[in-house]
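Since the structure comes first, as structure tokens, the remarks are kept for the end.
Computed from a prediction, not measured in an experiment: that's the story for all the values here. We count ligands from 1, going down the list as the structure has it; atoms in each ligand are counted the same way.
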Amino acid sequence: MAVKTDNYLMNINGEWVGQERETLDVVNPANGETVGTVPYGGEKEAEQAVDAAYDAFQSWSALTAHDRVGYLKKLNQLMLDHQEELAQLMTAEMGKPINESRGEVKYAATFIEWFAEEGKRVYGETIPTHATGKRLQVWKKPVGVVAAITPWNFPAAMLTRKMGPALASGCTVIMKPSSESPLTAVKLMELCEQAGFPKGVVNLVTGSSSKIAKVVMENSKVRKVTFTGSTEVGKTLIRQSADQVKKLSLELGGHAPLVVLDDADVDLAVKGTVASKFRNAGQTCICANRVYVQEGIYDEFVDKLSKKVQELKVGDGTDESVDIGPLINQDGLDKVKHHVEDATSKGATVVTGGEAITEYGGVFYQPTVVKDVNQSMVVMQEETFGPVTPVEKIASDEEAAKMANDTPYGLAAYVFTENVSRGTQLIEKLDFGIVGWNDGGPSAAQVPFGGMKESGIGREGGQEGIEEFVESQYVSIGMK
Ligand code: NAP
């Protein structure tokens with residue numbers, strides 16, 4: 001299915017707007033072609049969206065949770081009905097292989113489905129009283145207007161992981177997708193319209209992130225900002241939130257270690273490494289960024305991993321047989337090149353890959369394995385966001401824990417061992433919010449997803465995901 005170039009719009013208070021605005025081109029990184037444009041919105045549209053969401057909050061929050069569920073269930077079904085259209089658009093705007101895009105649409109829909117159900121279970125509490133003349137209760141209230149700012153690498157799932165719990169709990173939403181991949185968000189907005197959400201409950205603004213963020217940070221009608229993206233921008237938002245003590249949830253960068261102990265099932269560890277590292281061309285926050293393998297199985301692991309990596313097919317994501325699409329843009333490609341060049345200049349060896357690919361006209365990099373790396377190399381210190389696996393030799397479980405924790409990030413980690421005692425004791429030492437034990441793909445809608453240290457604040461998904469969008473109101477009731 002070809003995606004036609006089109007002018008996409010913003011949606012504020014139930015109206016498609018922005019026709020008069022300058023536009024931003026959305027470029028397919030596989031071939032450099034423009035696949036669509038969105039309006040370059042700014043303060044004006046952000047203010048309008050805030051006002052619309054604020055007005056809509058009064059009636060949306062007054063609905064019963066059961067009423068709100070109906071809208072979310074319709075949206076879930078519409079996403080599944082439009083899976084192929086959403087997937088094609090996603091692949092066109094950011095290069096993800098089409099089968100991964102289809103998978104993301106399904107995954108994104110699970111957040112709407114899960115939180116549609118979870119919305120009915122936002123329970124308050126009755127607490128045993130210390131005084132016979134009092135009754136003590138905790139009531140749950142939706143936070144209010146929520147601004148959701150999302151990255152380009154999961155254009156559907158990062159939005160629904162925020163919209164689902166926000167809408168289910170009674171909040172209204174302003175979506176601000178990444179300028180690299182906003183088209184999927186526009187399509188999602190169309191589906192919200194078809195699902196019949198009342199006007200102003202869901203709004204979409206595109207354009208200048210700094211101008212839009214300034215408004216949502218400074219306007220006191222916005223009570224919460226939920227952000228997924230880089231740690232750098234997350235820190236800016238923390239600073240900006242201080243003046244109004246605005247509630248924040250932050251899903252930030254990662255730098256995941258993957259540890260393979262010498263009693264691991266090596267084939268399983270190789271499979272898990274490929275699944276974790278090469279999904280979305282290595283452009284995921286939880287992808288294994290650095291691999292630590294115990295010395296007894298190091299050579300075997302590197303050999304088997306390299307063979308599997310050589311089988312990965314690179315190309316335009318619309319080709320059903322492609323495993324690795326392009327990087328998102330030239331900056332992304334330059335970063336990957338720098339990480340590999342820095343490693344080799346300090347003594348590492350490229351086992352397979354190690355070069356940019358220019359023949360397709362896009363920003364591609366060969367799936368790569370680098371061995372004999374050490375902690376002094378940039379690739380072992382910074383998020384690479386590309387298809388490069390550096391493998392370092394370690395001696396012991398203690399060294400594995402020390403190396404894994406040697407980072408300001410704390411999002412995801414992976415451990416491969418068949419020994420329950422070793423695995424348990426190693427994981428207990430790891431400062432990461434998510435751990436895959438013999439599992440390279442731990443994400444799901446019903447589990448808490450989020451990071452420790454500089455990887456973020458709060459959790460998305462699972463029971464914890466909806467708590468981020470409600471306030472506890474303690475009510476002490478005096479009896480006559
Ligand atoms: P990014 O540059 O931080 O951008 C993320 C979003 O923030 C985009 O919508 C962007 O808009 C907006 N933004 C940029 N500057 C801003 C500012 N000054 N104020 C407010 N908003 C601003 O991140 P990215 O490159 O899109 O995404 C990659 C990063 O996201 C990686 O670090 C990855 O690890 C992280 N990530 C984390 C998770 C998680 O769950 N922890 C999941 C996915 C990705 P514009 O595009 O319009 O500038």
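Rounding to the nearest 0.5 Å places CH2 of Trp152 at 7.5 Å from CG of Asn329. Taking OH of Tyr409 as the reference point, atom NZ of Lys453 lies at 11.5 Å (rounded to 0.5 Å).
At under 3.5 Å, not a single nitrogen or oxygen of Thr236, backbone or side chain, sits near a nitrogen or oxygen of ligand 1. Residue-to-ligand polar distances keep Asn153 apart from ligand 1: every N/O pair is separated by 3.5 Å or more. At under 3.5 Å, not a single nitrogen or oxygen of Met158, backbone or side chain, sits near a nitrogen or oxygen of ligand 1. Any N or O atom pair closer than 3.5 Å counts here, and Ser179 shares at least one such pair with ligand 1. Taking only nitrogen or oxygen atoms, main chain and side chain alike, Ser209 reaches within less than 3.5 Å of ligand 1. Where the criterion is an N or O separation shorter than 3.5 Å, residue side chain and backbone included, Trp152 meets it with respect to ligand 1. Looking at Arg161 next to ligand 1, an N or O pair under 3.5 Å apart turns up. Checking only distances, Thr150 does come within under 3.5 Å of ligand 1, N or O to N or O. For the pair Glu383 and ligand 1, the shortest N or O to N or O distance falls below 3.5 Å.
Heavy-atom contacts of Cys285 reach the following atoms of ligand 1: 33 (C), 34 (O), 36 (N), 37 (C), 38 (C), 39 (C), 40 (O), 41 (N), 42 (C), 43 (C), 44 (C) (cutoff under 4.0 Å). Interface of Leu411 with ligand 1, defined as ligand atoms under 4.0 Å from a residue heavy atom, comprises 41 (N). Taking every heavy atom of Thr228 and a limit of under 4.0 angstrom, the matching atoms of ligand 1 come to 5 (C), 36 (N), 37 (C), 38 (C), 39 (C), 40 (O), 42 (C), 43 (C), 44 (C). Near Gly254, the atoms of ligand 1 lying under 4.0 angstrom from a non-hydrogen atom of the residue are 34 (O). If you number the atoms of ligand 1 from 1 as listed, the ones under 4.0 Å from a heavy atom of Ala213 come out as 19 (N), 20 (C). Which parts of ligand 1 touch Pro177 is read off a 4.0 Å heavy-atom cut-off, strictly below it: atoms 9 (O). Near Gly207, with a cut-off below 4.0 Å to any heavy atom, the atoms of ligand 1 are 47 (O).
Counted within 6.0 Å of NZ on Lys106, heavy atoms from surrounding residues, nucleotides or ligands total 12 or fewer; the atom is thus considered open. Under a cut-off of 6.0 angstrom, the local environment of NZ in Lys335 is crowded, with over 12 non-hydrogen atoms contributed by other residues, nucleotides or ligands. Counting heavy atoms of neighbouring residues, nucleotides and ligands inside a 6.0 Å radius, atom CD of Glu15 does not exceed 12 of them. Atom CD of Glu22 sits in a sparse spot, with 12 or fewer heavy atoms from other residues, nucleotides or ligands closer than 6.0 Å. Applying the 6.0 Å contact sphere to CD of Gln463 captures no more than 12 heavy atoms from other residues, nucleotides or ligands. Other residues, nucleotides and ligands contribute more than 12 heavy atoms inside 6.0 Å of the CD atom of Gln19.
For the pair Asp406 and Lys402, the salt-bridge criterion is not met [side-chain N within less than 4.0 Å of a carboxylate O]. A salt bridge is defined here as a Lys NZ or Arg NE, NH1 or NH2 lying under 4.0 Å from an Asp or Glu carboxylate O, and Glu468 with Lys247 fails to meet this definition. Ion pair Lys176/Glu45 not flagged as a salt bridge, since none of the NZ, NE, NH1 or NH2 atoms sits closer than 4.0 Å to an Asp/Glu carboxylate oxygen.
Among the candidates Asp323, Thr352, Val322, the single residue satisfying the side chain to side chain contact (heavy atoms under 4.5 Å, CB included) test with Leu312 is Asp323.
Considering His255, Lys214, Lys176 only, the shortest heavy-atom separation from atom 11 (O) of ligand 1 involves Lys176.
Counting heavy atoms closer than 4.0 Å to ligand 1, residue Val233 contributes side-chain atoms (C-beta onward) but none from N, CA, C or O. Counting heavy atoms under 4.0 Å from ligand 1, residue Phe154 does not touch it at all.
Protein heavy atom at the shortest distance from atom 3 (O) of ligand 1 is Ser230 OG, 2.6 Å. Counting protein heavy atoms only, atom 41 (N) of ligand 1 is closest to Leu252 O, 2.8 Å. Counting protein heavy atoms only, atom 35 (C) of ligand 1 is closest to Gly229 O, 3.2 Å. Looking from atom 27 (O) of ligand 1 to the surrounding protein, the closest heavy atom is Pro151 CB, 3.3 Å. Distance from atom 7 (O) of ligand 1 to its nearest protein heavy atom, with residue and atom name: Phe227 CE1, 3.2 Å.
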- Message: Determine whether Leu191 and Leu86 satisfy the following criterion, side-chain contact (heavy atoms from CB on, under 4.5 Å), listing intermediate values before the conclusion.
- Response: CA-CA 10 Å; Leu191 299 183; Leu86 283 161; 4.0 Å; yes
- Task: Give the intermediate values and the outcome of side-chain contact (heavy atoms from CB on, under 4.5 Å) for residues Tyr71 and Leu167.
- Result: CA-CA 9 Å; Tyr71 294 95; Leu167 295 169; over 6 Å; no
- Query: Does the side-chain contact (heavy atoms from CB on, under 4.5 Å) test come out yes or no for Met175 and Ile149, once each step is laid out?
  - Reply: CA-CA 6 Å; Met175 302 193 275; Ile149 305 175; over 6 Å; no
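Per-atom contact check: atom 24 (P) of ligand 1 touches the protein, criterion being a heavy-atom distance below 4.0 Å.
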